[in-house]
Amino acid sequence: MESTREVHFDSGGLRCAADLYWPSGHEKDVPCVVMGHGGSGTKRLGLPKYAERFAAQGMAALAFDYRRFGESEGEPRQVIDVAAQHEDYRAAVRFVRGYPGVDPERVALWGTSLSGGHVLAVAAADPRLKAVVSQVPLIDGWHRGRNLRQRLNGDVAARTLAFIVAAVRDMLNARRGRPPYLVPVIAKRGKVAVFTEPEASTAFEALGGEPVGWRNELAPRFLFALPRYRKGTAERLTMPVLMCLGDQDLQASSRYAARIASGMPNVQIRHYPVGHFDVYLDPLFDEISTTQADFLREHLCTPPLHGTS
């Protein structure tokens with residue numbers, strides 16, 4: 001049976017918390033998948049089922065909390081910093097490459113939503129990585145899932161304006177040295193929040209929510225610092241890439257992601273008729289996690305692991 005170890009690593013002078021899922025029957029030369037969440041997500045919000053699936057296939061998996069989130073250090077709390085999160089990924093990779101029993105030449109990245117874009121940027125600067133999985137990726141903040149007609153809808157426009165006002169207030173707090181002005185991550189329609197769609201609330205509740213380290217609040221200043229795709233980034237990835245897209249995604253444009261993937265030299269694209277949050281839940285979870293585990297095993301577990309035939 002697979003085991004889980006609580007570990008820590010340093011990133012930018014801060015202590016980042018992580019869970020290391022270890023495959024049973026393997027003591028050394030184990031490949032490893034480094035996993036970060038998207039947005040406000042933390043390491044035990046939906047990631048354990050994926051990590052356990054990978055460990056069952058003979059791979060270690062490291063799921064970590066970004067600085068300022070979950071069990072990791074960093075102030076102010078609940079503030080997304082894309083560049084810092086990229087560095088946290090790099091620090092996590094350095095950690096597993098030096099971890100006893102992990103084969104440093106067989107490390108992969110896994111990301112979802114916001115981190116689905118992170119892994120492309122990080123892998124573009126690290127050709128030693130052996131594979132990348134990018135799930136419902138938000139690659140560029142200007143390319144969201146809603147089409148123009150939806151954005152011009154009166155209700156959506158009003159909620160967007162209210163969120164912008166909150167983000168401005170939060171930015172002013174930052175400039176004045178005050179604590180972040182936080183808004184809910186999920187809330188009912190009519191409230192100012194990151195997500196007000198019913199499916200978002202259903203997904204977060206199903207995944208466990210706050211009892212597993214996640215907090216339903218976030219600094220809205222991230223609106224002004226969402227990632228922008230730099231032309232040529234994904235095109236530099238020479239390792240195998242699996243991109244899993246939700247064609248009904250309202251949060252990250254699957255069409256834009258597919259366009260970026262079309263310029264990558266070694267990519268597999270999988271389309272699913274689902275929304276942004278369905279990838280964490282049944283009935284899709286079993287299918288998509290099996291596809292990802294098979295992909296990772298193909299590219300990480302050859303030659304065969306010690307203890308396997």
Side-chain angles (χ1 to χ4, degrees), residues 33-41 46-47 50 66 80-90 92-93 108-127 129 131-148 150-151 160 167 194-195 197 200 218 220-280 288 291-292 295-296:
V33 184
V34 174
M35 309 174 66
H37 219 310
S40 69
L47 298 192
Y50 278 97
Y66 300 112
I80 292 174
D81 182 326
V82 170
Q85 291 186 353
H86 286 183
E87 178 52 39
D88 294 342
Y89 256 106
R90 289 189 286 267
V93 169
L109 299 185
W110 184 98
T112 185
S113 190
L114 183 61
S115 68
H118 289 351
V119 294
L120 301 180
V122 173
D126 189 350
L129 291 164
V132 175
V133 174
S134 177
Q135 177 174 271
V136 291
L138 178 62
I139 297 174
D140 189 302
W142 286 99
H143 293 272
R144 305 293 298 278
R146 294 184 177 88
N147 60 33
L148 181 59
Q150 290 171 310
R151 289 173 182 160
T160 300
V194 181
F195 306 117
E197 299 86 350
L218 188 64
R221 70 185 70 170
F222 77 86
L223 183 67
F224 302 123
L226 285 170
R228 295 302 311 277
Y229 180 71
R230 294 184 179 181
K231 187 176 181 180
T233 298
E235 292 82 351
R236 297 205 306 273
L237 273 64
T238 57
M239 70 288 292
V241 177
L242 174 64
M243 190 173 286
C244 298
L245 305 177
D247 289 335
Q248 298 171 14
D249 196 332
L250 296 180
Q251 310 304 327
S253 172
S254 61
R255 182 177 300 178
Y256 180 76
R259 191 166 78 211
I260 294 299
S262 69
M264 299 166 65
N266 194 4
V267 64
Q268 298 178 36
I269 305 174
R270 295 287 184 271
H271 289 269
Y272 300 90
V274 300
H276 192 74
F277 301 100
D278 295 313
V279 296
Y280 309 105
I288 196 170
T291 296
Q292 294 176 6
F295 168 84
L296 289 167

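Just so we're clear, the structure is a prediction, and the values are computed from it rather than from any experiment. What's counted below: heavy atoms across the whole structure, side chains too, no hydrogens, waters or symmetry copies.
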Item checked: Verdict with reasoning, His276 to Ser113, per side chain to side chain contact (heavy atoms under 4.5 Å, CB included) -> CA-CA 8 Å; His276 192 74; Ser113 190; 2.9 Å; yes
Atom [atom1] in [X], atom [atom2] in [Y]: separation rounded to 0.5 Å?
X      : Y      : atom1 : atom2 : answer
Leu120 : Met243 : CG    : CE    : 5.0 Å
Ile260 : Thr233 : CD1   : OG1   : 8.5 Å
Ser40  : Leu218 : OG    : CG    : 5.5 Å
Asp126 : Arg90  : CG    : CZ    : 9.5 Å
Asn266 : Thr238 : CG    : OG1   : 8.0 Å
Leu250 : Phe277 : CG    : CZ    : 9.0 Å

Looking only at heavy atoms, which two atoms of [X] and [Y] are closest? And how far apart?
X      : Y      : result
Leu129 : Met239 : O-CB, 3.4 Å
Ala131 : Phe295 : CB-CE2, 4.0 Å
Leu138 : Pro227 : O-CG, 4.3 Å
Gly141 : Leu226 : CA-CB, 3.8 Å
Tyr229 : Ala234 : OH-N, 2.9 Å
Ser134 : Pro137 : OG-CB, 3.2 Å

### Message
With heavy-atom distances below 4.5 Å as the criterion, would you say the side chains of Gln248 and Asp278 are in contact?
### Response
no
Where do Asp140 and Arg228 land on the side chain to side chain contact (heavy atoms under 4.5 Å, CB included) test, with the steps shown first?
CA-CA 5 Å; Asp140 189 302; Arg228 295 302 311 277; 3.1 Å; yes
Looking only at atom types and distance, does a side-chain atom of Glu235 sit under 3.5 Å from a main-chain N or O of Gly232, one as donor and one as acceptor?
yes
**Message:** Using modelled atom types and a 3.5 Å cut-off, is there a donor and acceptor pairing between side-chain atoms of Tyr66 and backbone atoms of His37?
**Reply:** yes
Side chain to side chain contact (heavy atoms under 4.5 Å, CB included), that's the test. Do Val93 and Leu109 meet it? Break it down for me.
CA-CA 8 Å; Val93 169; Leu109 299 185; 3.6 Å; yes
Between the side chains of His271 and Ser254, does any donor sit under 3.5 Å from an acceptor?
no
Next on the checklist: Between Thr112 and Tyr50, do the side chains contain a donor N or O and an acceptor N or O under 3.5 Å apart?
Outcome noted: no
Exercise for review: Starting from the C-alpha separation in whole Å, work towards a yes-or-no answer on side chain to side chain contact (heavy atoms under 4.5 Å, CB included) for Val136 and Tyr272.
Suggested key: CA-CA 10 Å; Val136 291; Tyr272 300 90; over 6 Å; no
